[in-house]
Amino acid sequence: MNAYAPILVLGALGAGFAIFSVVMATLVGPRRYNRAKLEAYECGIEPTPHPSGGGRFPIKYYLTAMLFIVFDIEIVFLYPWAVSFDALGLFGLVEMLLFALTVFVAYAYVWRRGGLEWD
């Protein structure tokens, strides 16, 4: 249990700081509400009423989310690979190049579909 004590203390300090920050922001922060502040934020696009059954969203929302997930997953796998690069040798290099190629295929798809163009 002694080995995990610093981790638990750090987690408790982090949670305490987060709770303290949220509570103090609500107590001390300014309270200037207006119509624009109370509306839902939709990435800078003016909110419009949707039909009762839901409406169609532009494909750019999904492409942006897909691109974020793809690059997030790449970073998750890239860090351990970089740490043990010497031990993996040529096999590790080839495998990471294949993995990066699949990531760039997804990037090319999003680029081709116009997911990187913000009108």
Side-chain angles (χ1 to χ4, degrees):
M1 189 64 179
N2 286 339
Y4 294 110
I7 296 172
L8 293 174
V9 169
L10 184 63
L13 283 173
F17 178 74
I19 293 170
F20 175 76
S21 297
V22 170
V23 169
M24 289 307 291
T26 56
L27 293 176
V28 179
R31 291 177 184 84
R32 292 183 295 251
Y33 298 110
N34 56 28
R35 183 174 170 242
K37 216 177 220 190
L38 295 175
E39 286 185 5
Y41 178 70
E42 296 184 12
C43 301
I45 298 173
E46 289 293 324
T48 57
H50 292 290
S52 62
R56 294 178 59 127
F57 285 97
I59 190 71
K60 289 183 182 183
Y61 288 114
Y62 301 109
L63 290 177
T64 304
M66 184 177 78
L67 191 65
F68 173 76
I69 289 171
V70 164
F71 281 106
D72 193 38
I73 290 172
E74 180 187 22
I75 293 301
V76 166
F77 286 117
L78 199 60
Y79 276 124
W81 172 78
V83 169
S84 63
F85 177 70
D86 290 338
L88 294 174
L90 184 63
F91 173 76
L93 180 64
V94 171
E95 289 298 319
M96 188 48 69
L97 287 176
L98 289 174
F99 179 70
L101 180 69
T102 59
V103 168
F104 287 124
V105 167
Y107 176 73
Y109 173 76
V110 170
W111 190 355
R112 192 185 80 212
R113 295 288 300 204
L116 301 176
E117 297 172 9
W118 298 102
D119 298 327

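None of these values were measured; they are calculated from a predicted model. Residues: numbered from 1 along the sequence shown.
Taking 4.5 Å as the limit, some side-chain heavy atom of Leu88 sits within range of a side-chain heavy atom of Trp81.
No continuous path of ILVMFWY side-chain contacts below 4.5 Å connects Leu10 to Ile19, so the two sit in separate hydrophobic clusters. No single ILVMFWY cluster, assembled from side-chain heavy atoms under 4.5 Å apart, contains both Phe99 and Val83. Leu101 and Tyr109 fall into different hydrophobic clusters, where Ile, Leu, Val, Met, Phe, Trp and Tyr residues are linked whenever their side-chain heavy atoms come under 4.5 Å apart, directly or through other members. Hydrophobic clustering, with ILVMFWY side chains joined whenever heavy atoms are under 4.5 angstrom apart, groups Phe77 together with Leu98. Under a hydrophobic clustering in which Ile, Leu, Val, Met, Phe, Trp and Tyr are joined whenever their side-chain heavy atoms come within less than 4.5 Å, directly or via other members, Phe68 and Val70 fall into the same cluster.
Note: Leu13 CG to Phe20 CZ = 13.0 Å, rounded to the nearest 0.5 Å. Atoms CG and CG, on Leu90 and Leu93 in that order, are 6.0 Å from each other to the nearest 0.5 Å.
Nearest heavy atoms, Pro6 versus Ala3: CD-O, 3.6 Å. Contact detail for Phe71 and Val103: the closest heavy-atom pair is CE2-CG1, 3.8 Å. Of all non-hydrogen atoms in Val23 and Thr26, the two that sit nearest each other are O-OG1, 2.7 Å.
By the 30° and 60° cut-offs, the orientation of the rings of Trp111 relative to Tyr107 is tilted.
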